[in-house]
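To start, the structure itself, in structure tokens.
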2 protein chains.
Amino acid sequence: MSDLLAERDTWSMANCSIARTLEIAGTRAAMLILREAFFGTRRFDDFAKRVGIGEPAAAARLKELTAAGLLERVPYQEPGQRTRLAYQLTEKGRDFLPVLVALRQWGDRWAAGEDGRPVVVRHRDCGAEVHAVLRCDEGHDVADGETVVEPGPGLLRITPDAG
Amino acid sequence: MSDLLAERDTWSMANCSIARTLEIAGTRAAMLILREAFFGTRRFDDFAKRVGIGEPAAAARLKELTAAGLLERVPYQEPGQRTRLAYQLTEKGRDFLPVLVALRQWGDRWAAGEDGRPVVVRHRDCGAEVHAVLRCDEGHDVADGETVVEPGPGLLRITPDAG
DNA sequence: AAGCTGACTTACGAATATGAAAGTCAGCCA
DNA sequence: TGGCTGACTTTCATATTCGTAAGTCAGCTT
């Protein structure tokens, strides 16, 4: 990306989309709960157990993610069991998948154990592995160093100190 | 993704690539420092100021990211100034860009302010906007719900409790 | 009506992350 | 040689986040 230097200093990052996203789902536990949701986990206890966090943390993160609209609670009933509530991804939550795939991909490449990747994500229709890639609206693959950043319509400016 | 249910319960997520990635760069401050690095920020004070965090936090995160190999300190000298150290992305750090793009994209769509996106990322060569997309190795775009997860070579299994 | 189980909540303490304010240190410049 | 500035570090206090352990509550089953 380019160095806009002085121009850049007038940008307020108060409403940065990355920061906003992190405020909603930026904690380790929240990310891992979303991972589990994509893996198919739906029940409270399973979230806590599989993410490896305590029940209070699981309850707090699930509540936040539900309030933020990434998860919704839906009633379900197994035969011979009472009605329960399951946590299920909404469209807003499912749209988070590229973030998780990108995180996994980076970890696979740069921080995997010696035995390699613990899980593999494949395309259901063809069986090939799935990756997060950068692509522009013209259809080009975007390689390292080929991006530039510019102000968008929602950019706030900082009023420089007088002087 | 499919629900492997019982099978899934034998998976240990202790070495999950997502969790490993989050341990290296999973805090809000670390992510935002990487964002700034992609925006072209290189100096200590600018990181602290533009990310909006205190100097102790900036120093701690920069140190961690440098130790983890995402950033490197390189000497530089402006005319008439003494030699200083700048923080610059390594290949390992630049490879983190898809994560940030995916986070930004999600925030743009689901958590933007009413004026829209604060920044826009474009392809340098053609000017079109850049997105993080999921694609399989066969070249197909992968849509919502078209992924399946399976164990990889590095998957650890949990020995079920006897009984 | 009592038991059982899943889904939480409460209580408590420890670890981590962060901010404000101030101090330290190293060189280039005058 | 002293000033100045960028780059940190130190100190102190606070806010989150997390784990363990235990308690609560609701309904379906018997």
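All values below were derived from every heavy atom in this structure, side-chain atoms included, with hydrogens, water molecules and symmetry-related copies excluded. Letters A, B, ... are given to chains in the order of the sequence lines, protein chains preceding strands, and every chain is numbered from 1. Values in this document were obtained by computation on a predicted structure and should not be read as measured data.
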Take atom CE of B:M31 and atom C1' of C:dT18, then tell me their distance rounded to the nearest Å. 18 Å
Can you check the A:F44 CZ to C:dC8 P distance for me, whole Å? 6 Å
Salt bridge (Lys or Arg N to Asp or Glu O under 4.0 Å) pairs touching residues 98-107 of chain B, sequence neighbours excluded, are B:R104-B:D108
Strictly distance-based, threshold 3.5 Å: is any side-chain N or O of B:R94 a donor or acceptor partner for the main-chain N or O of B:L89? yes
B:V133: hydrophobic cluster co-members (side-chain, 4.5 Å): A:V133
For every nucleotide of nucleotides 21-30 of chain D, 5' to 3': is a protein heavy atom under 4.0 Å from its base (B), only from its sugar-phosphate (S), or from neither (-)? BB---BSSS-
Run the side-chain hydrogen bond (donor to acceptor under 3.5 Å, both in side chains) test against B:D141 and tell me which residues pass, sequence neighbours left out. A:R135
All N/O contacts under 3.5 Å from nucleotides 1-3 of chain C to the protein, with atom names and distances to one decimal?
none

Transitive ILVMFWY cluster of A:L156 at side-chain heavy atoms under 4.5 Å: who else is in it? none
Side-chain N or O of A:Y87 closer than 4.0 Å to phosphate OP1/OP2 of C:dC8: yes
Name the pairs: protein N/O against N/O of nucleotides 13-18 of chain D, kept only if under 3.5 Å.
residue, atom, partner, partner atom, Å
D:dC18, OP2, A:R61, NE, 2.8
D:dC18, OP2, A:R61, NH2, 2.9

Is there side-chain contact between A:W110 and B:R20, with at least one heavy-atom pair below 4.5 Å? no
Sugar-phosphate only, base, or nothing, as touched by A:F47 at under 4.0 Å among non-hydrogen atoms: nothing
Can you measure A:K49 atom NZ to D:dT20 atom C1' for me and round it to whole angstrom units? 18 Å
Test side-chain hydrogen bond (donor to acceptor under 3.5 Å, both in side chains) applied to B:T41 - qualifying residues, sequence neighbours left out: B:E36, B:R50
Choose from D:dT9, C:dA7, D:dA7 the nucleotide whose nearest atom is closest to any side-chain atom of A:Y76. C:dA7
Side-chain donor or acceptor of A:T90 paired with backbone N/O of A:G69 under 3.5 Å: yes
With a 3.5 Å distance limit and no angle check, can you tell me whether B:D115 reaches the backbone of A:L155 through a side-chain donor-acceptor pair? no
Which whole-number value in Å describes the distance from B:R84 CZ to D:dC8 C1'? 12 Å
note: B:K63, atom NZ; C:dA17, atom C1'; distance rounded to Å ~ 16 Å
Roughly, in whole Å, what's the span from CZ in B:R43 to C1' in D:dC8? 14 Å
To the nearest angstrom, the CG-P distance between A:L62 and C:dA7 comes to 11 Å
Please identify each residue that fulfils side-chain hydrogen bond (donor to acceptor under 3.5 Å, both in side chains) with B:E91, with sequence neighbours left out. A:R109
Which pairs would a plain distance check flag for residues 125-132 of chain B, meaning a side-chain donor or acceptor within less than 3.5 Å of a matching protein atom at least two apart in sequence or in another chain?
residue, atom, partner, partner atom, Å
B:E129, OE1, B:R117, NH1, 2.6
B:E129, OE2, B:R117, NH1, 3.1
B:H131, NE2, A:D137, OD1, 3.3

Is there a residue in residues 68-75 of chain B whose heavy atoms reach under 4.0 Å of DNA chain D, and which residues are they? B:R73
In short, ring-ring contact (aromatic ring centres under 6.0 Å, His included) pairs touching residues 137-156 of chain A with sequence neighbours left out are A:H140-B:H123
Does A:D95 come within less than 4.0 Å of A:K92, counting only side-chain N to carboxylate O? no
Using a 4.5 Å cut-off on heavy atoms from C-beta on, say whether the side chain of B:F38 contacts that of B:V121. no
